[in-house]
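What follows is a set of notes on a single structure, which appears directly below.
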Amino acid sequence: MSSMQSAIEIISAAVEHALGAPALLRPCADPQFGDYQANGVMAIAKQTKQNPRALAEKIATQLQLADVCEPPTVAGAGFINFKLRREFVAAQVTDAARDPRHGVPSASKLKIVVIDFSSPNVAKPMHVGHIRSTILGDCLARVLKFLGHRVVTDNHIGDWGTQFGMLIIGWKKHRDDAALQRDAITELERLYKFVNNQCELHPALREDVKAELVKLQQGDAENHAIWQQIIDLSKHEFDRTYARLGVSFDHTFGESFYNPMLAGVVADLRAHDIAIESDDAICIFVEGSKAPLIIQKADGAFLYGTTDLATLKYRLDKWHPDEIVYVTDARQQLHFKQVFAAAAKWLPKVPDLRHVWFGSILGEDGKPLKTRSGENVKLGELLDEAEERALAVVTEKNPDLPEQIRNTIARVVGIGAVKYADLSQNRTTDYVFSWAKMLAMNGNTAPYMQYAYVRVQSIFRKAGVATLDGPIALEHPTELDLAKHILRFTETLQAVADDDKPNWLTAYLYDLAGKFSAFYDNCPVIQSAEPTRSSRLQLCRLTADIMKRGLNLLGIETIEQM
RNA sequence: GCGCCUGUAGCUCAGUUGGAUAGAGCAUCGGAUUUCUAAUCCGGCGGUCGCGUGUUCGAAUCACGCCAGGCGUGCCA
């Protein structure tokens, strides 16, 4: 059943065959025109200097789509409009209702995709700056997997760098074991800040810091063991946050993993004259930017560009991906442009490298979100507050529910609200963080979608039916409208994957909820006589399944009551 | 200086890559509950798509020039 062709594919193929060019099939701007419109005719008419309306008429008469839609009509400057036949929609939606994938086929061209996201720094708490990368990357991974692609997720954590000189001194001389036991990252952060302050007061200390760092880099056993402990403690903390968010990774190869490869990478790049010496540093100059990608400093140290190139090569050798996705903030655009250009010069065959970048999260004052004291907002505390606020709402609306159930609802709604707020935004724009908006029961929010799901589910509790059978019939206009939207789930997911834009999925789900509401207001379900009752129950079931699946692909849980 | 990004209703944001009369939510005004969860739904009001010039059958979308804001820009990541 998953192999069935969608309306958009059938119509596109027919138009392209007749036209000899892309159909450019889009949903109609206004439903009075129909369901889909082909815009490709006008483009070709222009190229070949034909009258667009005449060409559209000619193409329209050649199409053999009687099973799928009403006779196509030509309108405006040369649009061909298609209105799906009720019987076709009913048959498709009946199939979808029997399909565990709700009619979404597996992609015909399977890809191997590596996704690099989240990437927090060791010994520092995760903060708001990490949510967008973590949530976006996880969502893209889920969507690509559902579409049948092979996805490798890799958390490229910052586990190497000059900060370890400070951390090792702090660990050796100022460590508070009890604090470390309670909250390792906070204690590590305190140690770092403390030593950093000491260095400012007593510049002579910097020599000690540097000495510890050099010892670590040279493989000193004691320092290496401390470094390893700091990483283990940090990873343990990260995992707690990831568990709350429902995010997981196939691999966590941190930056340190690539250390042994860096000297070889630089040597190879120099040997091929891709990297050259300039002002005592080893640089790669690429088109489009005057500043080079520096891969080795004058003092011999390597930089993150070096690590990124080593990482890229390792991933190619290990997984042979068709595509590598880097989910980071907008500020790294130049860096990745340089890395990608350098890789294209260096490696014989480079896959599709995509920098999926996103804007900042702002406070209500329009400036980057900070605490009152000007610090980064810790992710754990943000999630705590989300759950607390959600619990207050649930308790107010539904005080009779047992506490344990209210807590579960608060967790699912609170975490869902934070994620949904982020994913429903176009990722390229900055967005203003607002508790009131993300927890609102109206509008394009997680609580609204979760509640919409609960409302559908309650029908089944009342109806008390186990199995559903028979064809779905679409009698009322709102049933037909809902069914057509259900059939657009496939094209929505493909668009999300093609452009790395989860907000198209949230928009789809919000529309789905709206169309369900119209149906729900106009079409009694339980009180209807058979066979309408079974038909409508199946439509409800399919809507709920797609809501649940859609939210799951966003990384958001559903509950059965609110 | 150069580069990238952003500018759409009072506010927060969509707008599927050049398509038909630019859409939501909030706010505001009005309506719906003997009926499947009213934590809901329906309707009204609200726009010089930052400004200007161009490209063409057609521009919020593309080009060029301004204006405003953010970010980046040779030895952090």
Side-chain angles (χ1 to χ4, degrees), chain A residues 24 26-30 32-33 37 39 42-43 45-46 51-53 75-79 81 119 121 158 161-163 255 278-283 285 288-299 301 303-305 307-308 328-335 337 357 359-360 362 364 366-368 393-394 396-398 413 424-426 428-432 434 436-437 440-445 447-448 450-452 454-463 491-492 494-496 498-499 501 503-504 506-507 510-511 514 517-518 520-521 523-528 536-537 540 561-562:
Chain A
L24 302 182
R26 303 279 179 267
C28 281
D30 187 326
Q32 75 178 23
F33 298 129
Q37 59 186 53
N39 297 338
M42 291 176 286
K46 186 194 265 185
N51 180 312
R53 275 206 69 119
F79 301 98
N81 289 323
S119 310
N121 286 318
T162 49
Q163 76 271 28
E255 292 171 348
S278 169
D279 291 344
D280 299 325
I282 309 301
C283 300
F285 288 88
S289 112
K290 279 173 77 176
L293 179 72
I294 299 177
I295 56 171
Q296 189 166 21
K297 302 200 309 189
D299 68 5
L303 294 104
Y304 78 134
T307 313
D308 280 347
T328 84
D329 66 83
R331 290 175 302 196
Q332 298 195 34
Q333 285 178 90
L334 175 60
H335 172 72
K337 207 173 273 182
W357 55 270
S360 316
L362 308 177
E364 311 236 15
K367 287 188 275 194
V393 176
V394 176
E396 186 199 328
K397 302 290 183 189
N398 228 335
V413 171
S424 60
Q425 205 79 198
N426 181 329
T428 61
T429 53
D430 295 347
Y431 87 95
V432 176
S434 160
K437 290 202 172 70
M441 276 310 302
N442 276 313
N444 192 10
T445 67
Y448 175 86
Q450 288 165 325
Y451 180 63
V454 165
R455 288 177 84 194
V456 190
Q457 289 301 88
S458 76
I459 294 171
F460 291 98
R461 270 201 299 279
K462 275 248 159 75
E491 64 203 65
T492 300
Q494 280 161 356
V496 170
D498 287 346
D499 277 14
K501 290 218 170 159
N503 65 308
W504 287 344
T506 60
Y510 184 56
D511 285 344
S517 285
Y520 185 79
D521 282 353
C523 301
V525 177
I526 298 174
Q527 293 94 329
S528 293
R536 288 184 175 166
L537 278 167
C540 290
Q561 63 178 137
M562 279 175 77

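Lettering follows sequence order; numbering is per chain, from 1.
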How far, in whole Å, is B/U12 from B/A27 if one measures between their P atoms?
15 Å
What is the distance from CD of A/Gln425 to P of B/U12, rounded to the nearest Å?
11 Å
Applying the side-chain contact (heavy atoms from CB on, under 4.5 Å) test to A/Ser360, which of A/Asp329, A/Thr429, A/Asp430 qualifies?
A/Asp430
Any sub-3.5 Å donor-acceptor pair from A/Asp279's side-chain atoms to A/Ala281's backbone N or O?
no
For A/Phe79 and B/G19, is the gap between ring centres under 5.5 Å while the planes differ by less than 30°?
no
Ignoring the backbone of A/Asp430, work out which of B/A20, B/G70, B/C57 is nearest its side chain.
B/G70
Under 4.5 Å between any side-chain heavy atoms of A/Tyr431 and A/Lys437, yes or no?
no
Runs of at least three consecutive Watson-Crick or G-U pairs, both distances under 3.5 Å, are what I'm after; which ones involve RNA chain B?
B:1-7 with B:67-73, B:10-13 with B:23-26, B:28-32 with B:40-44, B:50-54 with B:62-66
Base B/G58 paired with A/Lys46 side chain (donor-acceptor, <3.5 Å):
yes
Point-to-point distance, once rounded to the nearest 0.5 Å, from CZ of A/Phe79 to CZ of A/Arg53
10.5 Å
Can you build the contact string for nucleotides 23-39 of chain B? Use B for base contact, S for sugar-phosphate-only contact, and - for no protein heavy atom under 4.0 Å.
-SSS--------SBBSB
Inter-nucleotide P distance (B/C13, B/G3), Å rounded:
28 Å
Contact class for A/Gln32 vs. all strands (heavy atom < 4.0 Å): base, sugar-phosphate, or nothing?
base
Does OP1 or OP2 of B/C4 have a side-chain N or O of A/Trp357 closer than 4.0 Å?
no
Candidates B/C13, B/C41, B/G15 - which lies nearest the side chain of A/Tyr448
B/C41
When rounded to the nearest 0.5 angstrom, what distance separates OH in A/Tyr451 from CD in A/Gln561?
12.0 Å
Could you measure between the two P atoms, the one in B/U8 and the one in B/U48, and give it in whole Å?
12 Å
Give A/Tyr431 one of three labels, base, sugar-phosphate or nothing, depending on what nucleic acid heavy atoms sit under 4.0 Å from its own.
sugar-phosphate
Tell me what A/Asn503 touches on the nucleic acid: a base, only sugar-phosphate, or nothing, going by heavy atoms under 4.0 Å.
sugar-phosphate
Rounded C1' spacing from B/G25 to B/C45 in Å
16 Å
On RNA chain B, more 5' by nearest nucleotide between A/Glu491 and A/Ser517 is A/Glu491
Whole-Å gap separating P (B/U6) and NZ (A/Lys367):
23 Å
To the nearest 0.5 Å, how far apart are CD in A/Gln450 and CZ in A/Arg455?
15.0 Å
In whole angstrom, give me the gap between the P atoms of B/C41 and B/C26.
9 Å
Distance from A/Gln425 atom CD to A/Asn444 atom CG, nearest 0.5 Å?
9.5 Å
Does any non-hydrogen side-chain atom of A/Met562 lie less than 4.5 Å from one of A/Val394?
no
Rounded to whole angstrom, note down the P distance from B/U21 over to B/A59.
10 Å
Indicate yes or no: at least one non-hydrogen side-chain atom of A/Pro524 is less than 4.5 angstrom from one of A/Arg536.
yes
Please figure out whether A/Asp30 or A/Ser360 has its closest RNA chain B nucleotide nearer the 5' end.
A/Asp30
Base, sugar-phosphate, or nothing for A/Asn81, non-hydrogen atoms under 4.0 angstrom?
base
Is there a side-chain contact between A/Asn39 and the phosphate of B/G58, meaning an N or O under 4.0 Å from OP1 or OP2?
no
Could you give the distance separating B/U61 and B/U16 at their C1' atoms, to the nearest angstrom?
12 Å
In this structure, how many angstroms lie between the C1' atom of B/G18 and the CD atom of A/Gln37, rounded?
12 Å
Mark up nucleotides 72-77 of chain B, 5' to 3', with B wherever a protein heavy atom is under 4.0 angstrom from a base atom, S wherever such an atom reaches only the sugar-phosphate, and - elsewhere.
SSBBSB
Between CG of A/Asp329 and C1' of B/G70 the distance, given in whole Å, is 13 Å
Between B/G19, B/U16, B/C13, spot the one nearest the side chain of A/Thr429, thanks.
B/C13
With rounding to the closest Å, how many angstrom separate the C1' atoms on B/G46 and B/G54?
32 Å
Once you round to the nearest 0.5 Å, how far does CG of A/Leu293 lie from CD1 of A/Ile282?
12.5 Å
A/Ile526 versus A/Lys462: any side-chain heavy-atom pair under 4.5 Å?
yes
Less than 4.5 Å apart, any side-chain heavy atom of A/Leu537 and any of A/Ile459?
yes
Tell me whether the rings of A/Tyr448 and A/Tyr510 are parallel (<30°), tilted (30 to 60°) or perpendicular (>60°).
perpendicular
If I take atom CD1 from residue A/Ile294 and atom SG from residue A/Cys283, how far apart are they, to the nearest 0.5 angstrom?
4.5 Å
